[in-house]
Each structure stands twice: as structure tokens, then as C-alpha cells.
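Take a look at the structure below.
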Amino acid sequence: MSTETPKPLPFIYQFASGAIAGVSEILVMYPLDVVKTRQQLDSTNAYNGTIRCLKKIVREEGFSRLYKGISAPILMEAPKRATKFAANDEWGKFYRGFFGVSTMNQSLAVLTGATAGATESFVVVPFELVKIKLQDKTSKFNGMGEVLKHIIKTDGVFGLYKGLESTLWRHIMWNAGYFGLIHQVRTLMPKPKTSSEKTLIDLTCGTIGGTFGTVLNTPFDVVKSRIQAGSTRYRWTLPSLLTVAKEEGFSALYKGFIPKVLRLGPGGGILLVVFTTCMDFFRTMKET
């Protein structure tokens, strides 16, 4: 993620830093994720507009509905974000060794991010599936336990991995854009002289990377949501992309983009700042 290779830390520190970063981000940004999912599942445009959608949900279903399903993301965020950053670091080491380069470059940053995204996908699919089932307005489930019991009873354990292929596309595209652009923007930034400057640079790089990753992966996220919601009309990613574009117009592939980018733009900054702060803390702790 940087042109300079920081002092490596054991996997457990990467995992802990990623977990703390992920939970911090989800606690701040979750209502926007609910709005994003509602808009992606809506083919009637009843939830147009982020503020309008928020007001509609609160008015018709109560404020608590903005946090319905948060238990799955909270449980998911620790392994998800931990896997994201730890996999990015570990795959970065692998690719630098494989290609015989000592420092990260732009191409390797994109490749490393994409591979980390694919790795992350296998961790998040069951949690994402449960979250989508709970966030859907038509959902009759009251909690994670009911959803899990229903899925396993209906489709077996492997039913928990419904939407894996579309999730792979979503995470490969986002992570490639996120980590690739973070690397590029950092090379253009002045070297920080103070910790506050470092935090500002991390926040800027992470926000830009999160925004770009969201531009790349939103169409894949739209079809992932529909596949996991249970519609039999959507089974595989590329045919589903064509179906949505043909029936609802190309712009439908960006349904939920505003709340998604409002979450994952600043959210990407929060992730990077908290992760690097935690890693710096652990390095300092180990050196004392």
C-alpha cells in the first residue's frame, strides 16, 4: 500500500488491526448500507434519493430499521476487513518475491488488491447473504438465527454461498481499485512530517481509493444483491448485468451508488486511517 515497505508484523497484528478498522467503519456508516440495498433491490424507483429513502424507512418502519441486520455485518467486519488488509499485505509479499521486486509498484498494487479481494470474498459471502435477507423490505426474518436456519433447511450448508461468483466480481473490482489507487495517490503526496499529516494523507488516499473502487464495483454489487435476495431471474453475474441494463436502463446498474459512495468513500478513509494507526501502535508496542 506504500512505496516504502514498513517493518513487517506477524499475521495476528494485521488481523487485529483490520478487525478494529472494519468494526469502526460499520458502526458509523451502516444506515447508508441499508439504503443502498433497498435501492438496489427496488425496480419501481420507490426508494429514489438517499435522504428520501432514509426518511421513508424511518417514517414507515421506524428508526431501528436502519440498523436491522447489523449483527451479521458486525460479526462479518472483523474477519472481512482483517482478511482484506492481511491478505493484501501477504499477497504483496508473495508477488514482490515472485516477480523479484523489492518495493510495490502500481501494477503489483492492482494485482495484489484484486487477489486480496478474491480471498476476502470466501469469508464474506455467508454474512452478506444473511444481511441482504434481513435488509430486504419484504423480509419476514427477525434475526440472523432465523435466516441461517431457513437457508440451511432449504438449500443445505452450501446454500450459504449463494452469490459467491458475483461477490468475487464485486470484491476483486473494489479492492483492485482501492489498493491500486491508494498506492498511486501516495506516490503523489509529500512525505508526512507529523502524525497528523500522516493521518490526513491516509484519510485522503483511503477516501479517493474507496470512491474509485465504488465506481468500479457498483454494477456487480447491484446484481449480487438481487441474486442473494432470491430472485430466480438473476443467477450469474454477466447475464444479470445485461438483463438489468436491457430492462431498466444502464443507469440501473448504479442504483444505490450515492449511499454506497457516501459510505465507502469516507469509509475507505476511515478504514485506512484506523488500520495504519493500529499497525503503527503495534509496531511501537513491539519495539518497547
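This is a predicted model, so every value here is computed, not measured. Numbers here are sequence positions counted from 1.
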I'd like to know whether K36 forms a side-chain contact (heavy atoms from CB on, under 4.5 Å) with T50, so could you lay out the CA-CA distance, the side-chain angles of the two residues, the decisive distance to 0.1 Å, and finally the verdict. CA-CA 8 Å; K36 181 264 300 184; T50 301; over 6 Å; no

Do L216 and W174 have side-chain heavy atoms sitting under 4.5 Å apart? no

Tell me whether the rings of F282 and Y13 are parallel (<30°), tilted (30 to 60°) or perpendicular (>60°). tilted

Taking K260 for the side chain and T214 for the main chain, is one N or O donor matched with an acceptor at less than 3.5 Å? no

Electrostatic pair E146:K149 at N-O distance under 4.0 angstrom: no

I would like to know whether K198 and T276 meet side-chain contact (heavy atoms from CB on, under 4.5 Å); could you show each step before the answer? CA-CA 10 Å; K198 182 179 184 300; T276 55; 3.7 Å; yes

Going by an N to O cut-off under 4.0 Å, is there a salt bridge joining R52 and E60? no

Between the side chains of Q39 and N48, is a donor N or O closer than 3.5 angstrom to an acceptor N or O? no

Can a donor-acceptor pair be found, under 3.5 Å and without considering hydrogens, that links the side chain of Y47 to the backbone of I57? no

Closest heavy-atom pair, C53 versus V35, reported as atoms and distance to 0.1 Å, is SG-CG1, 3.6 Å

When clusters are formed by joining ILVMFWY residues with side-chain heavy atoms under 4.5 Å apart, either directly or through shared neighbours, do V222 and M173 land in the same one? no

Determine the interplanar angle of the W91 and F94 rings, folded into 0 to 90°, and report it as parallel if under 30°, tilted if 30 to 60°, perpendicular if over 60°. perpendicular

Quick check: does any side chain N or O of E197 sit under 3.5 Å from a backbone N or O of K193, one acting as donor and the other as acceptor? yes

L54 side, atom CG; R38 side, atom CZ - distance, nearest 0.5 Å: 10.5 Å

Please report the closest heavy-atom contact between G92 and T112, naming both atoms and the distance. N-CG2, 3.5 Å

Any V244 side-chain heavy atom under 4.5 Å of Y234 side chain: yes

Shared hydrophobic cluster, L129 / F158 (ILVMFWY, side-chain heavy atoms < 4.5 Å): no

When you measure from the side chain of Y161 to the backbone N and O of F122, does any donor-acceptor pair fall under 3.5 Å? yes

Under 3.5 Å: donor-acceptor pair, side chain of Q40, backbone of S225: no

Short N-O contact, E61 and K56, less than 4.0 angstrom: no

Sub-3.5 Å donor-acceptor pair from the side chain of D202 to the main-chain atoms of L272, do we have one? no

Looking at T187 and Q184, would you say the former's side chain and the latter's main chain have a donor-acceptor pair under 3.5 Å? yes

Looking at side-chain heavy atoms only, is the closest gap between K133 and H150 below 4.5 Å? no

When you measure from the side chain of Q106 to the backbone of G180, do you find a donor-acceptor pair of N or O atoms at a distance under 3.5 Å? yes

What's the separation between atom SG in C205 and atom CE in M189, rounded to the nearest 0.5 Å? 4.5 Å

At what distance, to the nearest 0.5 angstrom, does CZ of F127 lie from NZ of K131? 12.5 Å

Considering all heavy atoms, the nearest P219-V215 contact: CD-O, 4.2 Å

Minimum heavy-atom distance between H183 and A109, given as atom pair plus value: CB-CB, 3.7 Å

Would L181 and F257 show up in the same hydrophobic cluster when neighbours are defined by side-chain heavy atoms closer than 4.5 Å? yes

Can you find a pair of side-chain heavy atoms, one from R96 and one from M104, that are under 4.5 Å apart? yes

In this structure, which one of L200, T207, L203, T204 forms a side chain to side chain contact (heavy atoms under 4.5 Å, CB included) with V273? L203

Would you check, one step at a time, whether the test side-chain contact (heavy atoms from CB on, under 4.5 Å) holds for V185 with L188? CA-CA 5 Å; V185 174; L188 303 175; 5.6 Å; no

F212 vs Y178, side-chain contact (heavy atoms from CB on, under 4.5 Å): CA-CA, chis, key distance, verdict: CA-CA 7 Å; F212 184 63; Y178 180 66; over 6 Å; no

Strictly distance-based, threshold 3.5 Å: is any side-chain N or O of N217 a donor or acceptor partner for the main-chain N or O of R170? yes

Distance-minimising heavy-atom pair for P190 and I201: O-CD1, 3.3 Å

Same cluster or not: V223 versus F250, using hydrophobic residues (I, L, V, M, F, W, Y) connected whenever any side-chain heavy atoms lie under 4.5 Å apart? yes

Taking the side chain as every heavy atom from C-beta outward, state whether L160 and L148 have any atom pair closer than 4.5 Å. yes

Rounded at 0.5 Å granularity, tell me how far CG in N105 sits from CG in L108. 4.0 Å

Starting at CD1 of I208, measure out to CD1 of I182 and round the result to the nearest 0.5 Å. 9.5 Å

Report yes if some heavy atom in the side chain of T243 is under 4.5 Å from a heavy atom in the side chain of R233; otherwise report no. yes

Expected output: side-chain E165 to main-chain T237 donor-acceptor under 3.5 Å: yes

Hey, could you give me the CD1/OG1 distance between I227 and T167, rounded to the nearest 0.5 Å? 8.0 Å

Is the shortest side-chain heavy-atom distance between D221 and Y254 below 4.5 Å? no

So do F275 and I20 actually touch side chain to side chain, heavy atoms under 4.5 Å? no

Flag yes if W236 and F220 sit in one hydrophobic cluster, no otherwise; membership is Ile, Leu, Val, Met, Phe, Trp, Tyr, and two members link when side-chain heavy atoms are under 4.5 Å apart. no

